[in-house]
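Just so we're clear, the structure is a prediction, and the values are computed from it rather than from any experiment. Index from 1, following the sequence.
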Amino acid sequence: MTVLERAPELGEVGAGISVWPSAVAVLEGLGVKGVEKASVRAKPAGMRKPDGRWVVGAAELGVEIPVMIHRAQLHDLITAEFGNPAAESGGVTVCTGYEVVDVQQDRDGVVVNGELRADLLVAADGVRSVIRQGLYPDYQGPRYSGVSAFRGIADVAVDDGGGETWGRGQLFGFARLIDGRFYWYGTANQPPGTTGEPTAFTSWHEPIPQLISATETVLQNDIYDLTLPLVPFVQGRIVLLGDAAHAMTPYLGRGACSAIEDAGALARHLESTPDLTAALTAYDAERRPATTKLVKRSRSIGRLSQTENKLLCTLRDGVFRIGGKLMSLRART
Ligand SMILES: Cc1cc2nc3c(=O)[nH]c(=O)nc-3n(C[C@H](O)[C@H](O)[C@H](O)COP(=O)(O)OP(=O)(O)OC[C@H]3O[C@@H](n4cnc5c(N)ncnc54)[C@H](O)[C@@H]3O)c2cc1C
């Protein structure tokens with residue numbers, strides 16, 4: 001298998017990532033061990049208001065939780081197994097600095113840039129996928145969510161279990177990493193392309209201002225997801241995977257996990273179904289509905305967390321508080 005990557009070298013951004021148990025299981029099945037050991041199981045201390053008052057505490061939430069890991073660590077674990085550039089490791093050859101600009105297919109295979117032939121092409125080229133664009137030129141593609149996200153790693157000792165704080169039109173979340181540092185993220189409603197520091201959070205409860213001031217580099221990304229309905233993930237011998245197929249807003253923390261789950265499903269269908277077309281059809285039938293649900297659910301959570309309407313915020317917090325109490329009562333009985 002050959003991986004074609006346009007970046008000059010493999011690397012990851014300085015931020016954390018939540019990895020859900022289903023994605024950990026896929027990684028382990030593919031031979032990538034040690035994710036849980038390098039992570040902190042996120043203990044959502046719950047949800048707070050910007051002044052620090054609790055809306056709902058962790059003890060009340062009897063829900064499945066992800067592990068939190070630095071992206072660079074996750075990347076290292078994966079590339080240790082597959083992905084030594086210019087060398088074959090785990091049956092994978094990685095070619096960095098190689099940009100895919102043209103893809104053609106016929107009955108027997110796929111040709112990339114007029115020079116590389118393959119039986120199957122997996123397009124994992126992100127939300128602005130040129131391969132998806134080539135397959136579905138009329139598809140609208142990325143849609144701006146109205147929100148920009150800020151992320152950072154804070155090297156500071158604070159005694160706090162983390163969790164999320166929801167305000168009016170903004171949210172802030174943070175979690176401890178295995179090395180004691182904290183990964184944090186925050187959002188703001190603003191037009192695309194607006195740059196600036198996340199200043200509004202400096203008046204929020206501690207340790208939020210402390211985390212921001214202990215951060216060397218703040219990353220900012222305008223948040224896009226893909227227009228619904230999603231396009232079919234398979235056309236002939238070309239398969240869409242990850243954000244190229246189903247980019248979603250990050251409120252569920254499941255975009256990369258879904259890409260990992262896609263990879264697990266694709267490998268499973270290719271292994272169990274000898275006919276290529278049937279295997280790819282099964283992949284699309286499994287993954288497109290599942291990820292469509294996540295794109296929709298993530299949008300709904302985004303609308304709820306980013307609302308600027310004061311009355312709606314009060315109502316939202318009240319519903320969470322009562323919901324938390326009911327869940328805790330149900331767990332006890
Ligand atoms: C603020 C924020 C927080 C997030 N938090 C989480 C989280 O906690 N948990 C989670 O699961 N997900 C999270 N996500 C989502 C996650 O980052 C994405 O879903 C994930 O990175 C998608 O992976 P991908 O490989 O499909 O696409 P990408 O990460 O976009 O990778 C695409 C790759 O293809 C390469 N490429 C593109 N075009 C070409 C070309 N023409 N030729 C060759 N190479 C090309 C690019 O260089 C890149 O390396 C978050 C996203 C954001 C923005």
Side-chain angles (χ1 to χ4, degrees), residues 12-13 15-27 42 44 63-69 71 74-75 122-133 135-136 139-151 164 166 169-173 175 183-190 192 219-234 239-266 283-307:
E12 249 310 337
V13 298
I17 188 165
S18 55
V19 187
W20 290 81
S22 50
V24 174
V26 172
L27 286 169
V63 290
E64 184 194 46
I65 49 171
V67 292
M68 192 61 77
I69 185 169
R71 281 177 181 251
L74 178 61
H75 204 252
V122 179
D125 52 343
V127 61
R128 297 186 192 286
S129 167
V130 291
I131 300 173
R132 185 192 63 234
Q133 175 75 29
L135 295 179
Y136 302 102
Y139 177 54
Q140 250 186 312
R143 177 206 69 112
Y144 183 53
S145 65
V147 178
S148 202
F150 302 90
R151 287 176 289 173
E164 287 198 350
W166 287 21
Q170 284 185 306
L171 75 78
F172 191 96
Y183 163 55
W184 63 262
Y185 50 91
T187 60
N189 295 337
Q190 55 192 35
L219 303 168
Q220 186 188 349
N221 295 90
D222 287 345
I223 302 298
Y224 288 80
D225 63 5
L226 281 180
T227 303
L228 291 169
L230 301 173
V231 291
F233 291 0
V234 175
V239 180
L240 300 176
L241 181 149
D243 277 12
H246 50 63
M248 59 190 76
T249 53
Y251 298 99
L252 294 168
R254 285 202 182 253
C257 293
S258 298
I260 292 166
E261 288 168 28
D262 290 347
L266 183 59
Y283 164 76
D284 180 54
E286 176 180 336
R287 296 304 297 157
R288 188 149 47 107
T291 51
T292 297
K293 271 191 204 151
L294 293 177
V295 174
K296 284 186 186 165
R297 205 187 306 159
S298 192
R299 266 188 204 178
S300 305
I301 296 178
R303 272 195 293 273
L304 206 59
S305 64
Q306 298 298 140
T307 181

request  = Applying ring pair (Phe, Tyr, Trp, His ring centres under 6.0 Å), name anything that partners Tyr144, two or more places apart in sequence or on another chain.
outcome  =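 For Tyr144 the ring pair (Phe, Tyr, Trp, His ring centres under 6.0 Å) partners, ignoring immediate neighbours, are Tyr224.
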
If only atom types and distance count, is the side chain of [X] paired as donor or acceptor with the main-chain N or O of [Y] below 3.5 Å?
X      : Y      : result
Ser18  : Val67  : no
Thr227 : Gly141 : yes
Tyr136 : Pro232 : yes
Asp262 : Gly242 : yes
Gln306 : Gly169 : yes
Thr291 : Arg287 : yes

Spacing of [X] atom [atom1] and [Y] atom [atom2] [to the nearest 0.5 Å]:
X      : Y      : atom1 : atom2 : value
Tyr251 : Arg297 : OH    : CZ    : 16.0 Å
Thr249 : Arg143 : OG1   : CZ    : 7.5 Å
Leu171 : Thr187 : CG    : OG1   : 3.5 Å
Leu226 : Met248 : CG    : CE    : 9.5 Å
Leu241 : Ile131 : CG    : CD1   : 11.0 Å
Arg254 : Leu294 : CZ    : CG    : 6.5 Å

Do you know the tightest heavy-atom contact between [X] and [Y]?
X      : Y      : result
Ala23  : Glu261 : N-OE2, 3.9 Å
Tyr183 : Ala15  : CE1-CB, 3.8 Å
Pro229 : Tyr139 : O-CE1, 3.7 Å
Trp20  : Gly253 : NE1-O, 3.0 Å
Arg132 : Ala244 : NH1-O, 2.8 Å

Q. Of all residues at least two apart in sequence or in a different chain, which pass the side-chain hydrogen bond (donor to acceptor under 3.5 Å, both in side chains) check with Ser129?
A.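 In terms of side-chain hydrogen bond (donor to acceptor under 3.5 Å, both in side chains), with neighbours along the sequence ignored, Ser129 is linked to Asp125.
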
Can you list everything that forms a side-chain hydrogen bond (donor to acceptor under 3.5 Å, both in side chains) with Ser148? Sequence neighbours excluded, please.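 Gln220, Asp222.
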
Is Arg151 positioned over the aromatic face of Trp184, cation under 6.0 angstrom from the ring centre and no more than 45 degrees off axis?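 No - Arg151 does not lie over the ring of Trp184 by the 6.0 Å and 45° rule.
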
### Query
Stepwise, does the side chain to side chain contact (heavy atoms under 4.5 Å, CB included) test hold for Leu252 with Ile301?
CA-CA 8 Å; Leu252 294 168; Ile301 296 178; 3.3 Å; yes

message: Any heavy-atom pair between the side chains of Thr292 and His246 that's under 4.5 Å?
response: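 When only atoms from C-beta onward are counted, Thr292 and His246 do not touch, as no gap falls below 4.5 Å.
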
